[in-house]
Amino acid sequence: MVRFFFLALSGLLLMCCQSRDESINKFSDPQRLKIAGFQDRRLADSLYLFFTHQNADYRRDAVQAFGSLQDAEDVDRIGKLLLMDPEPSVRKAAAFALGQMQHPSCERILLGALVKEKIADITFEIFQAYGKTTKHWHLDPAVFLNDSTRSAGLAWSIYRAGLRGKTDSIANRVATGLLDKKYSENTRHGAAHFFGRGATQFRNAEKSLIAAAREDVSAGVRMAAALSLGKIPSDSSLATLKNIIKTDADARVIVNSIRALSSFPYHQTKHYLYEALNHKDASVGIAASQIILETIAAEDWVEVSSLTNQAKNWRVQANLYEAALKAGKNEALAEEIKNKSADTKDPYQRAALLSCLKHFPDDYPFVEKELRNADIAVVRSAAAATLVAMNYSKNFNENLQADIAAIFKNLMQSEHDPAVLGSIATALADSTLDYRSVLKDPAFLFAARGKLKLPEDIEALQPLEAAIAYFENRKPQGIENEFNHPVNWDLVKRIPDQQKATIKTTRGSIVVRLLVNESPGSVANFIELARKDYFDNKFFHRVVPNFVIQSGCKRGDGWGSEDYSIRSEFSPRQYRAGSVGMASAGKDTEGTQWFITHSPTPHLDGRYTIFAEVIEGMPVVEYIQVGDKVLDVVLENFPNQ
């Protein structure tokens with residue numbers, strides 16, 4: 001009995017010691033919790049107080065917070081940490097924060113740090129920040145090619161600058177050299193992405209890009225290099241892309257190769273696109289049908305319309321219908337699309353078919369009727385978007401404008417649906433459509449604005465403010481969400497730093513690891529919603545091949561929000577395959593919608609919060625299609641006390 005009591009007491013003491021000494025996450029520290037609270041409330045002055053703290057963790061957290069605040073009033077103070085702080089992690093965080101600010105004086109500070117810094121991974125962060133802030137990229141590569149981290153930093157620096165149009169032929173030449181197999185995968189990856197998204201006039205890089213697209217062992221490098229070949233419309237580039245479509249084993253590489261075909265004449269690519277329509281991977285067929293839609297020649301509309309009955313995927317079929325109608329403007333084909341739309345019970349298929357009619361503006365009465373009669377959000381929003389898109393069709397007759405204007409005005413007066421109001425507002429705000437000359441009195445716009453409220457309707461209020469400003473002949477005022485939803489810090493403190501969540505879907509399960517130490521507010525928000533079963537039976541309303549799958553919208557069309565918003569939480573973490581991010585309508589507008597990436601998407605870095613990463617189930621992510629559902633989100637072994 002005494003022995004049992006002693007063992008029990010020892011166990012209790014051990015548990016107590018563990019609870020004191022082993023923190024669940026970094027927010028067990030009251031000071032780090034306080035810093036995170038200041039970040040959430042955007043209190044820059046309070047964060048500055050920690051810049052001189054003797055604890056390096058506090059200095060690092062405080063300066064990294066400015067990557068989310070993006071408050072550039074005191075850039076020099078952050079620059080001082082970058083140049084002088086003895087702790088490497090603080091300097092790295094300072095470099096990230098400066099890159100997020102994009103203030104003119106950042107470039108000077110970063111160049112000074114680049115010369116002074118000796119630690120490679122900090123240099124990498126400085127390189128990227130320089131690319132985000134420079135007025136014109138001009139670095140001497142010879143100084144930085146002595147190790148793999150610095151060469152990778154050089155490549156990503158060029159990429160970041162290229163996204164902003166701040167590179168020239170010198171950067172092209174440097175990036176071409178960095179595609180060589182002797183450099184690390186990360187280096188080649190950065191260089192390839194530069195050519196895929198940011199570079200211009202790089203014909204001299206063709207040979208290197210062809211080699212990378214065909215031979216690189218990294219699928220990420222092949223993806224980016226293949227996409228870049230679309231900017232070099234040569235016979236050799238076209239031959240390479242056709243070969244990749246036939247031979248590459250990675251569907252994501254094939255998707256990018258198909259997208260690159262959009263730069264070539266349709267008659268040279270159509271047979272490869274047709275063959276890809278029924279590829280075993282649905283994303284390939286969807287991508288091919290999208291390129292057919294974008295590039296179809298007028299004389300091929302009958303040929304493409306004949307392919308619609310062979311399509312096994314409804315998104316492929318809808319794209320083919322739209323392509324044929326766009327090229328042919330055939331009344332019988334429009335009637336076939338309307339009948340197909342009426343027959344389907346799938347609301348997403350119906351919405352997609354309805355969207356085809358944007359190329360047949362004469363059918364605007366049918367689309368208006370569909371909008372007014374539909375009780376499913378995705379159909380209503382698709383109908384509204386179609387009415388707007390009709391204005392941009394080459395088949396739009398100016399004689400229709402008065403009728404469309406009357407419909408727009410009536411809908412703005414009668415509707416309360418933010419998707420309808422926001423979509424129509426985008427047309428009314430477009431000076432090229434000149435609705436101001438038809439609708440003289442903007443009173444109906446003010447009435448529509450009165451139906452909407454922040455933060456829930458920010459996506460509709462933004463274009464509506466632009467429309468009102470246009471009608472009043474003034475510049476639009478920015479619309480931002482005020483701070484309205486403090487983080488539940490009591491919950492945050494109970495979230496293990498390795499907390500897992502299983503997202504059960506109609507295609508299978510996806511297991512993610514929640515990144516509470518990096519994005520506590522977003523993780524807490526996700527957990528709170530999951531515990532309320534908020535995500536149950538929510539659709540994946542958006543799926544872009546080789547980009548993202550997206551869910552969490554209460555409406556199922558991307559326009560759904562709740563009556564709160566949370567803060568953006570940006571960190572140096574980069575978007576890889578399986579990164580889980582918060583969807584937003586701009587900084588600090590996040591709420592319930594989230595997405596998972598199919599592949600590296602570095603153009604999202606520092607712009608969308610990453611709050612989790614997939615650790616199991618990437619094949620499920622790649623398999624999910626529009627209309628699939630989240631069945632449940634299960635928090636594994638989450639402490640409920």
Side-chain angles (χ1 to χ4, degrees), residues 286 290 313-315 317-319 322 337 341-342 344-358 366-390 408 411-412 414-427 448 451-453 455-464 505-506 529 534-545 547-565 581-586 589-596 608 624-631:
I286 293 168
Q290 185 65 42
N313 179 284
W314 65 259
R315 287 185 68 186
Q317 184 186 61
N319 282 337
E322 184 178 344
I337 292 169
S341 173
T344 183
K345 294 182 180 180
D346 185 329
Y348 289 97
Q349 183 180 12
R350 184 179 172 195
L353 290 166
L354 195 59
S355 297
C356 298
L357 297 176
K358 65 169 68 80
F366 172 81
V367 177
E368 179 195 4
K369 183 179 178 181
E370 288 287 286
L371 191 159
R372 294 186 186 277
N373 293 340
D375 57 2
I376 300 175
V378 68
V379 177
R380 290 172 56 79
S381 57
T386 301
L387 283 174
V388 169
M390 284 177 168
F408 282 171
L411 287 170
M412 296 292 272
S414 61
E415 285 286 336
H416 288 77
D417 188 327
V420 175
L421 300 178
S423 293
I424 293 173
T426 60
K451 304 172 190 177
L452 303 173
K453 61 181 180 179
E456 187 171 357
D457 300 319
I458 189 169
E459 286 192 81
L461 282 164
Q462 289 169 337
L464 189 52
T505 80
T506 48
L529 292 169
Y534 183 89
F535 299 121
D536 294 9
N537 295 310
K538 293 293 188 296
F539 290 101
F540 285 97
H541 63 273
R542 182 179 183 227
V543 177
V544 182
F547 183 37
V548 297
I549 62 173
Q550 187 167 325
S551 186
C553 174
K554 67 179 181 181
R555 292 168 50 100
D557 63 353
W559 285 89
S561 300
E562 297 297 337
D563 61 352
Y564 74 92
S565 61
M582 291 298 299
S584 75
T589 64
E590 294 86 346
T592 67
Q593 295 187 44
W594 46 269
F595 60 86
I596 304 177
Y608 293 85
I624 280 173
Q625 297 297 320
V626 169
D628 290 336
K629 282 185 177 181
V630 174
L631 299 176

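One is the number of the first residue; the rest follow in order along the sequence.
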Show the nearest heavy-atom pair for residues [X] and [Y], with the distance to one decimal.
X: Thr386; Y: Leu357; answer: CG2-C, 4.0 Å
X: Ile286; Y: Asn319; answer: O-ND2, 3.9 Å
X: Ser414; Y: Arg372; answer: OG-NH1, 3.7 Å
X: Tyr608; Y: Ser584; answer: CE2-OG, 3.5 Å
X: Ala383; Y: Leu354; answer: CB-CD2, 3.6 Å
X: Ala351; Y: Ala382; answer: CB-CB, 3.6 Å

Q. How about Tyr534 and Glu562: does a side-chain donor come under 3.5 Å of a side-chain acceptor?
A.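 A donor-acceptor contact under 3.5 Å links the two side chains.
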(Q) When you compare the side chains of Thr344 and Gln349, does any donor N or O come within less than 3.5 Å of an acceptor on the partner? (A) yes
Q) Under a 4.0 Å N-O cut-off, is there an ion pair linking Arg380 with Glu415? A) yes
Q: May I ask you to say whether Asp417 pairs ionically with Lys451, meaning some side-chain N is under 4.0 Å from a carboxylate O?
A: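 Salt bridge between Asp417 and Lys451, a charged N being under 4.0 Å from a carboxylate O: no.
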Judged by atom type as modelled, is there a donor-acceptor pair below 3.5 Å linking the side chain of [X] to the main-chain atoms of [Y]?
X: Tyr348; Y: Asp628; answer: no
X: Asp457; Y: Lys453; answer: yes
X: Ser423; Y: Val420; answer: no
X: Lys554; Y: Ser561; answer: yes
X: Ser551; Y: Phe539; answer: yes
X: Ser381; Y: Asp557; answer: no
X: Asn373; Y: Glu370; answer: no
X: Ser341; Y: Ile337; answer: no

For the [atom1] atom of [X] and the [atom2] atom of [Y], what is their distance to the nearest 0.5 Å?
X: Leu353; Y: Asp346; atom1: CG; atom2: CG; answer: 9.5 Å
X: Ile624; Y: Thr506; atom1: CD1; atom2: OG1; answer: 6.5 Å
X: Arg350; Y: Ile376; atom1: CZ; atom2: CD1; answer: 6.0 Å
X: Leu452; Y: Leu461; atom1: CG; atom2: CG; answer: 4.5 Å
X: Gln462; Y: Thr589; atom1: CD; atom2: OG1; answer: 7.0 Å
X: Lys538; Y: Thr592; atom1: NZ; atom2: OG1; answer: 7.5 Å

**Q.** Derivation of the side chain to side chain contact (heavy atoms under 4.5 Å, CB included) call for Val367 and Met390
**A.** CA-CA 10 Å; Val367 177; Met390 284 177 168; 3.6 Å; yes
Q) Are Ile424 and Leu464 close enough that some pair of their side-chain heavy atoms sits under 4.5 Å apart? A)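 Contact flag for Ile424/Leu464 side chains = no.
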Q: May I ask you to test the Phe535-Leu529 pair for a side-chain heavy-atom distance under 4.5 Å?
A: yes
(Q) Let's go through Val630 and Asp536 carefully: what are the C-alpha distance in whole Å and the side-chain angles of both, what is the deciding distance for side chain to side chain contact (heavy atoms under 4.5 Å, CB included) to 0.1 Å, and is it a yes or a no? (A) CA-CA 6 Å; Val630 174; Asp536 294 9; 5.5 Å; no
Q. Taking it one step at a time, do Thr505 and Lys629 satisfy side chain to side chain contact (heavy atoms under 4.5 Å, CB included)?
A. CA-CA 6 Å; Thr505 80; Lys629 282 185 177 181; over 6 Å; no
Q | By side chain to side chain contact (heavy atoms under 4.5 Å, CB included) - contacts of Gln550 (at least two apart) | A | His541, Arg542, Ala583, Gln593, Phe595
Q) What do the steps show when you test Met412 against Leu421 for side chain to side chain contact (heavy atoms under 4.5 Å, CB included), and what is the final call? A) CA-CA 6 Å; Met412 296 292 272; Leu421 300 178; 3.7 Å; yes
